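Please read all numbers here as calculations on a predicted model, not as lab measurements.
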Amino acid sequence: EAGVTQFPSHSVIEKGQTVTLRCDPISGHDNLYWYRRVMGKEIKFLLHFVKESKQDESGMPNNRFLAERTGGTYSTLKVQPAELEDSGVYFCASSQPGEGPTDTQYFGPGTRLTVL
Amino acid sequence: AQSVTQLGSHVSVSEGALVLLRCNYSSSVPPYLFWYVQYPNQGLQLLLKYTSAATLVKGINGFEAEFKKSETSFHLTKPSAHMSDAAEYFCAVSDTPGYSTLTFGKGTMLLVSP
């Protein structure tokens, strides 16, 4: 079974440009999460989808970030316009409810975003 | 609000030595606790999780962790380190039943020398 995949693995853009990150969850997983790790800091939650609906987007930094999950399958995270402080590694994770009292999230390898 | 503190950004051990990675948490409700590992160029992989069953949790690759409520700790141990254990380890906490929005510690890089 394929794991969580993310594309691209690396992206280098200039300040003010737009970047779109993509996450393909494990097939059949209803829950999809986005996290971000800024260099030297902890991994922080951005948002959570249940199927195509945003369950919790309390971690989104500002309105330059837009996440979508059309059809409840893959998700995209767009940053427009990108700022220097957006640099970091963006992780996607997916899970399926019903595994027990809490789900187990399976993480992708991450997209390393560098904004120059 | 919940938080996680991992003591030591880097821990160095010799091959065959005990591995001890420390994690302390704060949570206003009984927590769910996780340890993840990240090998170079890979995603985070779950080592083990505590969900209020047994306080001593056994995970993959010989790792285990003990939940101590009185100390608000969930330290990760392995009796004998292997070179292949060199990686970054993350402790995380969630207080949400059903699904787990994770709050992570800053991570601890484990270095294993021959």
Chemist: So which of A/Gly108, A/Ala93, A/Gly40 has the largest heavy-atom pair count under 4.5 angstrom toward chain B?
Modeler: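 So the answer, after comparing A/Gly108, A/Ala93, A/Gly40, is A/Gly108.
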Chemist: Taking atom CD of A/Glu42 and atom SG of B/Cys91, what is their separation to the nearest 0.5 Å?
Modeler: 12.5 Å
Chemist: Is the distance between the ring centroids of A/Tyr35 and B/Phe104 under 6.0 Å?
Modeler: yes
Chemist: Check each atom of B/Leu102 against the heavy atoms of chain A and say whether the ones under 4.5 Å are side chain, backbone, both or neither.
Modeler: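 Contact with chain A involves both backbone and side-chain atoms of B/Leu102.
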Chemist: Using non-hydrogen atoms and a 4.5 Å limit, figure out which bit of B/Gln38 sits close to chain A: side chain, backbone, both or neither.
Modeler: side chain
Chemist: If you measure from CG on A/Asp103 to OG1 on B/Thr51, what distance do you get to the nearest 0.5 Å?
Modeler: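 Between atom CG of A/Asp103 and atom OG1 of B/Thr51 there are 11.5 Å.
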Chemist: Highest number of heavy-atom pairs under 4.5 Å with chain A: which of B/Glu88, B/Gln6, B/Gln45?
Modeler: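 Highest number of heavy-atom pairs under 4.5 Å: B/Glu88.
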Chemist: How long is the gap from OG1 on A/Thr104 to CZ on B/Phe34, to the nearest 0.5 Å?
Modeler: 6.5 Å
Chemist: For B/Lys58, I'd like to know if atom NZ has over 12 heavy atoms of other residues, nucleotides or ligands within 6.0 Å.
Modeler: no
Chemist: Starting from the C-alpha separation in whole Å, work towards a yes-or-no answer on side-chain contact (heavy atoms from CB on, under 4.5 Å) for B/Thr103 and A/Phe45.
Modeler: CA-CA 7 Å; B/Thr103 298; A/Phe45 166 78; over 6 Å; no
Chemist: Report which part of A/Arg112 has an atom under 4.5 Å of a heavy atom belonging to chain B: side chain, backbone, both, or neither.
Modeler: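 No part of A/Arg112 comes within 4.5 Å of chain B.
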Chemist: Considering all heavy atoms of both residues, which atom of B/Leu44 and which atom of A/Phe107 are nearest to each other, and what is their separation?
Modeler: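 Result for this residue pair: O-CB, 3.5 Å.
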